[in-house]
Amino acid sequence: MITELPQCIGRLLVTPGVLERSRELLDPFRTLRVEGCLLWYGFVLDSQSCLVTTCVCPTQKSDATTYDIPAESMRDVRRAVRPHGLLLLVQIHSHPTRAFFSVEDEEHALNSRPGALNMIVPDYGNARWIEQNRFCIVERNETGQWERWSSKDWNRLIIVPDALPFALRS
Ligand SMILES: [Zn+2]
């Protein structure tokens, strides 16, 4: 099993099931009208591809415009994912309205190595997962800046079916 993230995630594979679970996990935050943070975990497939398998919602303190994940809560997360060999692939959080990466978000980044990904969700998550022009993905570059994904970069996010139901013939 590969235990190191690629320098650049060229292909991020995710299933509709994970997207659905992610949206659901933000429901309580949306109801309270506070920001919520989720973590996508998964596996490295090869030198450029990663597969998201699991959406983690850590214990956090949230309010209308920010969130905080205490260190002990990240310890709980690491303890829970370790037996599965899951790696942190994307940090996600919701915003009240527009999705963008703020200076504060930069301070909250759990992973700030080159290639790290952060996704911001608009309207407290009340959006179609994933609408490329409303969501925002930023990527840490070699010089330590967070760069917003261009529309071309969005081709790197690949949704793979988790079920293919064909018609039942009787
Ligand atoms: Zn933010």
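Order of appearance sets the numbers: ligands from 1, and atoms from 1 within every ligand.
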*For the Zn ion (ligand 1), does an N/O/S atom of Asp105 lie at less than 2.8 Å?*
yes
_Under 2.8 Å from the Zn ion (ligand 1), can any N, O or S atom of His95 be found?_
yes
*Is the shortest distance from a Lys or Arg side-chain nitrogen in Glu142 or Arg113 to a carboxylate oxygen in the other one below 4.0 Å?*
no
_Minimum-distance N/O/S atom that His93 presents toward the Zn ion (ligand 1)_ = NE2
_Please confirm whether the ring centroid of Tyr67 lies under 6.0 Å from the ring centroid of His93._
yes
*asked:* Less than 6.0 angstrom separating the ring centers of Phe135 and Trp154, yes or no?
replied: no
*Could you give the distance from CG (Asn126) to CZ (Phe29), rounded to the nearest 0.5 Å?*
15.5 Å
